[in-house]
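Input: a single structure, listed below in structure tokens.
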Amino acid sequence: MAKKKMTIDEQVAYLMQGAEYGDDQVKKAMAAELKERLLQAEKEKRPLKVYCGYDPTAPDLHLGHTVTMRKLRQFQELGHEVTFVIGDFTSLIGDPSDKDKLRPRLSPEQVAQNGQTYAEQSFKVLDPEKTIIRHNSEWLSKLTFKDLIHLSSNFTVGQFLTRDNFAKRFQNNEAIYLHEFYYALMQGYDAFTLDADVQIGGSDQLFNIVTASRKLMTALGKKPNISIIMSILPGTDGEIRMSKSLGNHIVITGDPKDMYGKLMSIPDKAMGIFSRLVTRWTPDEIKSFEEKISSGSLHPKEAKMKLAREIVTIYHGQKAAEKAEAEFVRVFQEQGQPEEMNEYKLKKGQSVLDMLQESGLTESRSQARRLIQQNAVRLDDQILEDPHAKFPGKGVLQVGKRRFIKVI
RNA sequence: GGGCGGUUACCGAAGUGGACAAACGGGGCUGACUGUAAAUCAGCUGGCAUACGCCUACGGAGGUUCAAAUCCUUCACCGCCCA
């Protein structure tokens with residue numbers, strides 16, 4: 001992508017694409033500051049130092065995780081220096097604000113393992129050659145209690161209570177742990193240590209980045225970093241943020257066909273935000289994409305296919321994306337059969353129910369009964385109605401729209 | 001240290017002795033329709049069982065009762081308030 005030629009204003013637009021501060025004033029201010037910093041860097045002939053921290057809690061990344069990586073990638077394209085910070089120190093402490101009560105505190109081994117996976121998977125988006133990986137335990141574990149007190153003394157409780165999350169919980173008499181306050185400090189200290197020009201994060205990091213990091217850097221005698229706060233990517237339901245525990249996520253290493261299908265299942269109205277946050281498209285391309293949809297010159301189905309193809313291509317390559325698309329068209333639009341199916345060897349005297357269960361097409365016999373009742377079970381397009389009848393014989397068995405098996 | 005409250009299915013959240021396999025919302029699944037696994041509408045969403053029905057399940061263990069998610073005891077975890 002030839003982005004070297006962008007003007008400063010174009011660069012700012014590109015880099016602010018998808019950023020959301022919940023306040024237009026702040027956004028404008030940040031954009032202005034970014035512009036100034038870009039100009040300054042140009043004059044000094046140096047790249048901007050950009051970073052984003054990741055707590056390596058989940059070993060499998062989904063699209064939601066890639067939003068900030070995409071942003072880092074854009075900085076790389078423009079020649080800036082990107083640091084991928086693995087929050088091995090922060091995640092050892094655990095963050096109760098996640099509400100993930102069940103999540104056990106991670107062991108150092110797990111953190112190391114997850115961090116590794118994170119970095120590897122992130123290279124689907126980032127340029128590995130140009131990415132510096134750091135662990136924040138490197139500097140955070142060296143801080144003494146005295147240091148911590150010194151850092152904390154730059155903040156008042158009142159300042160922390162302006163944070164939405166805290167304010168709400170305080171008002172509702174819910175728990176706010178003391179160490180949650182330190183989270184913001186640690187993050188600020190990351191930025192300070194890295195001498196960051198720009199820090200990227202999700203909107204849940206708004207306070208940590210915009211308020212805490214910037215203030216801390218100022219207090220420690222540095223120029224505050226510019227905060228780029230990315231919008232939250234919704235899940236397949238198009239409403240709620242993408243998250244594994246909500247089950248609306250799309251993993252980036254899974255089966256390309258599945259990824260394509262899941263992308264096709266997002267509501268039409270979510271296409272815009274997906275295009276803005278998780279594609280490689282430029283602001284102009286995105287703008288024209290959205291305009292074509294709203295004007296009706298691009299059919300929503302076509303639009304979504306284009307989107308799905310783009311995203312699958314990023315993670316699995318063009319060939320796999322084309323294949324996934326062809327399969328989708330064949331199976332769902334033409335109601336045909338997939339190219340490859342698992343086979344199941346029919347056993348003597350098996351009933352329909354037995355067969356469904358033993359072939360693994362259903363999770364339980366009760367579920368199989370329900371599906372039969374709902375006319376969801378077909379053998380070569382013939383609906384099987386009686387769960388107890390002997391299984392008719394060879395053919396292609398289809399359960400619902402997506403599950404196929406070849407009976408031999 | 002004292003007082004009070006919470007723990008319900010994939011998630012959120014009702015339910016305070018029987019009609020509770022547990023309201024409702026989200027998610028998931030299925031069908032119809034279609035423009036797609038979109039939207040919309042309808043149904044399903046613990047397990048076993050060819051009907052009857054049985055078993056397991058409301059944080060754990062025990063108890064009261066003909067009957068417990070609901071009452072009691074106790075344990076665990078979580079929270080709030082007052083010190």
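Computed from heavy atoms alone, side chains included, the values below leave out hydrogens, waters and symmetry copies. Proteins come first, then strands; the chains are lettered A, B, ... in the order of their sequence lines, and each starts at number 1.
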How does RNA chain B look in dot-bracket form if you count Watson-Crick and G-U pairs under 3.5 Å, write [ ] for pairs that cross, and put | where a base pairs with another strand? ((((((((.[[[..)..(.....]]]((((((.......))))))(((....)))...[[[[[..)....]]]]]))))))).
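- A cation-pi arrangement, defined by a distance under 6.0 Å to the six-membered ring centre and an angle within 45 degrees of its axis, is absent between A:Lys306 and A:Phe289.
- Along RNA chain B, the nucleotide nearest A:Leu353 and the nucleotide nearest A:Asp237 are compared for position; the residue whose nucleotide lies closer to the 5' end is A:Asp237.
- Listed nucleotides: B:A38, B:A49, B:A37. Nearest to the side chain of A:Pro267: B:A38.
- For the C1' atoms, the distance from B:A32 to B:A37 is 15 Å, rounded to whole Å.
- Comparing B:G26 with B:A38, their P atoms sit 15 Å apart, to the nearest whole Å.
- In this structure, A:Ile372 atom CD1 and B:C44 atom C1' are separated by 14 Å, rounded to whole Å.
- Between A:His249 and A:His62, the ring-plane angle classifies as perpendicular under the 30° and 60° cut-offs.
- Within the 4.0 angstrom heavy-atom criterion, only backbone atoms of the sugar-phosphate kind lie near A:Ser364; the bases stay farther away.
- For A:Arg73 (side chain) and A:Val125 (main-chain N/O), a donor-acceptor pair under 3.5 Å exists by modelled atom type.
- Using a distance-only test at 3.5 Å, with no hydrogens or angles considered, no donor-acceptor pair links the side chain of A:Lys71 to the main chain of A:Met230.
- As judged by a 4.0 angstrom heavy-atom cut-off over every strand, A:Arg369 is placed among the base-contacting residues.
- When atom types are taken as modelled, the side chain of A:Arg403 and the backbone of A:Leu361 share a donor-acceptor pair closer than 3.5 angstrom.
- Across B:A37, B:C48, B:G26, the shortest atom-to-atom separation from the side chain of A:Ile240 is found for B:G26.
- Across B:A22 and B:G46, the matching C1' atoms stand 12 Å from one another, rounded to whole Å.
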Heavy atoms under 4.0 Å is the rule here; annotate nucleotides 29-34 of chain B 5' to 3' with B where the base is hit, S where only the sugar-phosphate is, and - elsewhere. SSS---
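- For the pair A:Arg370 and B:G47, the criterion of a side-chain N or O lying under 4.0 Å from OP1 or OP2 is met.
- A close approach under 4.0 Å does not occur between any side-chain nitrogen or oxygen of A:Ser366 and OP1 or OP2 of B:U45.
- Using atom C1' as the reference point in both B:A69 and B:A13, the two lie 15 Å apart (nearest Å).
- Residues A:Gln357 and A:Met271 both approach RNA chain B. Their nearest nucleotides, taken by heavy-atom distance, put A:Met271 toward the 5′ side.
- At least one cation-pi condition fails for A:Lys287 and A:Trp281: the charged atom is not both under 6.0 angstrom from the six-membered ring centre and inside a 45 degree cone around its axis.
- A side-chain donor-acceptor contact under 3.5 Å links A:Glu310 to the backbone of A:Arg280.
- With rounding to whole Å, A:Asp354 atom CG is found 12 Å from B:C48 atom P.
- Across all strands, A:Asp268 comes closer than 4.0 Å to base atoms (heavy-atom distances).
- The side chain of A:Lys301 has B:U36 as its nearest neighbour among B:G26, B:U36, B:A37.
- Within the 3.5 Å criterion, the main-chain N or O of A:Leu298 finds no donor-acceptor partner in the side chain of A:Glu302.
- For the C1' atoms, the distance from B:C20 to B:C55 is 16 Å, rounded to whole Å.
- Judged by distance alone, with hydrogens and angles left aside, the side-chain atoms of A:Asn154 form no donor-acceptor pair with the main-chain N or O of A:Leu216 at under 3.5 Å.
- In this structure A:Tyr315 satisfies the ring-ring contact (aromatic ring centres under 6.0 Å, His included) test with no other residue, sequence neighbours excluded.
- Atom-to-atom, CD of A:Glu363 to P of B:G46 comes out at 12 Å; the value is rounded to the nearest Å.
- Residue contacts for A:Ile266: at a heavy-atom cut-off of 4.0 Å it reaches the sugar-phosphate backbone alone, with no base atom in range.
- Using a 4.5 Å heavy-atom threshold, the side chains of A:Phe84 and A:Leu126 count as touching.
- A gap of 33 Å separates the P atoms of B:A61 and B:C29, to the nearest Å.
- B:G27 and B:G12 have their P atoms separated by 15 Å, given to the nearest Å.
- Nucleotides B:A57 and B:G47 are separated by 15 Å at their P atoms, to the nearest Å.
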